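Notes for the one structure printed next.
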Amino acid sequence: QVQLVESGGGLVQAGGSLRLSCAASGRTFNNYYMGWFRQGPGKEREFVAAISWSGGSTYYADSVKGRFTISRDNAKNTVYLQMNSLKPEDTAVYYCASDLRPARPRVGTEYEYWGQGTQVTVSS
């Protein structure tokens, strides 16, 4: 079992920044791919970003590329999502997810473990 706990969400004005954190426990963190997904009001869950075990490979949704950065600190068992130039359409609950070997890192169903989510609200 892997337990994931997100933090860092909140209310921010458009153009602002937030950094989300996801702390993992339960298994060897650096054996797991990590991903961020989000679900906006009235929308389906969508992929945001993912990072490989060592951090050598990263993946981004087109909608966040150039604005968001995913990173991980394996010594702290934590993955981060730095979000800059936030837009109202980024408003969503953001979820952290992990899996040993997701064949398709951009696909949510590839991930076995999920956190409870953290709310991000961007005001215009």
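Basis for what follows: all heavy atoms, side chains included, without hydrogens, waters or symmetry-related copies. Keep in mind that what you see is a predicted model, and the values were worked out from it rather than measured.
The OG atom of S52 sits 13.5 Å away from atom CZ of R101, with the distance rounded to the nearest 0.5 Å. Remark: C22 SG to E6 CD distance equals 5.0 Å, nearest 0.5 Å.
Judged purely by atom type and a 3.5 angstrom limit, T91 uses its side chain to pair as donor or acceptor with the backbone of V122. In this structure, T28 contributes its side chain and N30 its backbone to no donor-acceptor pair below 3.5 Å. In this structure a side-chain-to-backbone donor-acceptor pair under 3.5 Å is present from E110 to A103. Under the 3.5 Å distance criterion, the side-chain polar atoms of D90 are left unmatched by any main-chain donor or acceptor of A14. Looking at T121, its side chain never comes within 3.5 Å of a backbone N or O of L11 through a donor-acceptor pair.
M34 and L18 fall within the same hydrophobic cluster, where Ile, Leu, Val, Met, Phe, Trp and Tyr residues are linked whenever their side-chain heavy atoms come under 4.5 Å apart, directly or through other members. Residues L20 and V2 fall within the same hydrophobic cluster, defined by Ile, Leu, Val, Met, Phe, Trp and Tyr side chains chained together at heavy-atom separations under 4.5 Å.
Screening L81, T118, V79 against C96 for a side chain to side chain contact (heavy atoms under 4.5 Å, CB included) leaves a single residue, V79.
Of all non-hydrogen atoms in T78 and A23, the two that sit nearest each other are OG1-CA, 4.2 Å. Here the closest non-hydrogen pair linking Q3 and Q1 is NE2-CB, 3.5 Å. For T69 against Y60, the heavy-atom pair with the smallest separation is CA-OH, 3.4 Å. Residue N31 comes nearest to L100 through the heavy atom pair O-CD2, 3.4 Å, listed as atom of the first residue, atom of the second, then distance. For A92 against Q119, the heavy-atom pair with the smallest separation is O-NE2, 3.4 Å.
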Between W53 and Y32, does a ring-ring contact (aromatic ring centres under 6.0 Å, His included) hold up when you go through it step by step? CA-CA 5 Å; W53 309 287; Y32 285 78; 9.7 Å; no
Please lay out, stage by stage, how I51 and Y33 fare under the test side chain to side chain contact (heavy atoms under 4.5 Å, CB included). CA-CA 6 Å; I51 189 167; Y33 261 69; over 6 Å; no
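Salt bridge annotation for K65-D62: present, with a cationic side-chain nitrogen under 4.0 angstrom from a carboxylate oxygen.
No more than 12 heavy-atom neighbours from other residues, nucleotides or ligands sit within 6.0 angstrom of CD on Q116.
Both the sub-6.0 Å distance and the 45° axial angle are satisfied by R45 relative to the ring of W114. Figure legend: cation-pi geometry between R72 and F29, with NZ or CZ positioned under 6.0 Å from the six-membered ring centre and within 45° of its axis. Cation-pi geometry between R19 and Y80 is met: under 6.0 angstrom from the ring centre, within 45 degrees of the axis.
Every ring-ring contact (aromatic ring centres under 6.0 Å, His included) that Y111 has, sequence neighbours left out, goes to F37.
Ring to ring, W36 and Y95 are not that close: their centroids are 6.0 angstrom or more apart.
Looking only at atom types and distance, the side chain of Y94 has a donor-acceptor partner in the side chain of R38 under 3.5 Å away. Using modelled atom types, one finds a donor on one side chain and an acceptor on the other under 3.5 Å when comparing S17 with N84.
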